[in-house]
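To keep things clear, I will list the structure first and then write my remarks on it.
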Amino acid sequence: MHDGVGQSCQGRRIILKAWVGGLVAAAMYLLLTPPLYQASAVLKIDHEKLVTATPWYSDSNSDSASEAEWSSSQPEYQMLLSGALLRKVAEDLNLGVKVSPRLFPIFGEALVAKFDKHDGVSSAWPGFQRWAWGGETLIVDRFDVPDRYLDKAFTLVALENSRFQLLDPKGRMIAEGPVGELLVARIFGENQPVVIELGKLLAHPGTVFGLVRNSSLTAIEDLQKAFFFKNESDRSRLLRVELKGHDP
């Protein structure tokens with residue numbers, strides 16, 4: 001009798017622990033997972049301009065010919081993902097420059113993502129001023145590096161009085177100056193200089209940012225991976241284009 005009661009209590013404790021563990025895991029997931037942003041648009045394709053060539057046996061004015069061309073080749077996909085178009089998008093929006101504030105391990109990204117930038121810059125925890133805690137802003141108007149340093153991480157450190165330091169991938173300080181001024185620096189052994197100009201820097205002194213100048217190919221590939229296409233309807237010739245990412 002007692003053995004049966006003991007086993008029953010033990011089973012309840014196991015179930016309770018599993019339930020609490022699942023609840024804690026779900027709460028941690030919701031807390032630590034950064035939000036995913038999505039931008040979408042619907043494009044209407046002009047089939048008269050889409051069909052550029054038809055076989056000799058096809059009627060160029062028939063709906064069947066345009067439907068076949070629309071459903072088979074779909075050249076608008078290739079146009080939207082073409083390197084020439086995405087290269088211009090990357091250049092116009094300066095997407096080749098990647099800025100990443102140094103975040104506290106494990107839960108720093110979640111804290112920054114949930115912080116409202118309208119509240120200014122979050123106060124750093126005592127002794128942890130090098131990390132970003134939310135509200136930090138770094139806008140880079142220009143960042144050119146030698147070809148050998150493309151896709152490599154530089155370090156930018158915020159200073160007092162709207163000034164900053166720039167360190168090369170080996171941690172050597174190569175430039176220091178104010179926000180809004182064009183700075184030209186040299187890396188030992190390189191003929192091509194490093195050129196940097198900040199448009200805006202909002203961060204507590206000591207806050208560290210990672211700074212990468214991507215190659216054109218890397219910027220194009222990142223855009224291609226972020227795009228998603230879907231036909232709304234073959235007959236309406238509507239194309240839904242979506243762009244997803246963690247950066248609003």
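Values in this document were obtained by computation on a predicted structure and should not be read as measured data. Numbers for residues simply follow the sequence, beginning at 1.
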**OP:** Begin from the C-alpha positions of Val145 and Lys152 and carry the test side chain to side chain contact (heavy atoms under 4.5 Å, CB included) through to its verdict.
**Re:** CA-CA 10 Å; Val145 302; Lys152 294 185 178 181; over 6 Å; no
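- To the nearest 0.5 Å, atoms NZ (Lys200) and CG (Asp141) are separated by 11.5 Å.
- Expressed to the nearest 0.5 Å, how far OG1 of Thr137 lies from CZ of Phe209 amounts to 7.5 Å.
- Under a hydrophobic-cluster definition in which Ile, Leu, Val, Met, Phe, Trp and Tyr are linked whenever side-chain heavy atoms come within less than 4.5 Å, directly or via other members, Val194 and Tyr149 are assigned to the same cluster.
- Remark: Ile220 CD1 to Asn214 CG distance equals 11.5 Å, nearest 0.5 Å.
- In this structure, Leu211 and Leu166 have side chains that are in contact, with non-hydrogen atoms separated by less than 4.5 Å.
- Atoms CG and CZ, from Asp147 and Arg213 in turn, are 11.0 Å apart once rounded to the nearest 0.5 Å.
- A 4.5 Å side-chain heavy-atom check between Arg102 and Arg130 finds at least one atom pair inside the cut-off.
- Side-chain N or O atoms of Asp168 include one that pairs as donor or acceptor with a backbone N or O of Lys170 at under 3.5 Å.
- Summarising the local packing, CD of Gln38 is surrounded by more than 12 heavy atoms from other residues, nucleotides or ligands at distances under 6.0 Å.
- When all heavy atoms of Gly180 and Glu197 are compared, the pair lying nearest together is O-OE2, 3.6 Å.
- Neither Leu103 nor Val212 shares a network with the other; the hydrophobic side chains, linked directly or stepwise wherever heavy atoms of I, L, V, M, F, W or Y lie under 4.5 Å apart, form separate groups for each.
- Contact annotation: the side chain of Ile139 never approaches that of Leu198 to less than 4.5 Å [non-hydrogen atoms, C-beta and beyond].
- Under a hydrophobic clustering in which Ile, Leu, Val, Met, Phe, Trp and Tyr are joined whenever their side-chain heavy atoms come within less than 4.5 Å, directly or via other members, Leu201 and Trp131 fall into different clusters.
- Not one N or O on the side chain of Gln224 forms a donor-acceptor pair closer than 3.5 Å with the backbone of Asp222.
- Under the 3.5 Å distance criterion, the side-chain polar atoms of His204 are matched with a main-chain donor or acceptor of Ser122.
- Note: the hydrophobic cluster containing Ile187 also contains Ile196 (ILVMFWY, side chain heavy atoms under 4.5 Å, direct or indirect links).
- Put simply, Met173 and Val208 are part of the same group of oily side chains (I, L, V, M, F, W, Y) that touch within less than 4.5 Å, one to the next.
- Counting all heavy atoms, side chain and backbone alike, Ala185 lies closest to Ala175 at CB-CB, 3.9 Å.
- Of all heavy-atom pairs between Gln129 and Pro205, the closest is CB-O, 4.3 Å.
- Aromatic pair Phe154/Phe143: ring centres closer than 6.0 Å.
- For the side-chain hydrogen bond (donor to acceptor under 3.5 Å, both in side chains) test, residues two or more places apart in sequence or in another chain that qualify with Lys88 are Asp92.
- To the nearest 0.5 Å, the span separating CG on Asp151 from NZ on Lys98 amounts to 10.5 Å.
- For the atom pair Tyr37 OH and Lys244 NZ, the distance stands at 15.5 Å (nearest 0.5 Å).
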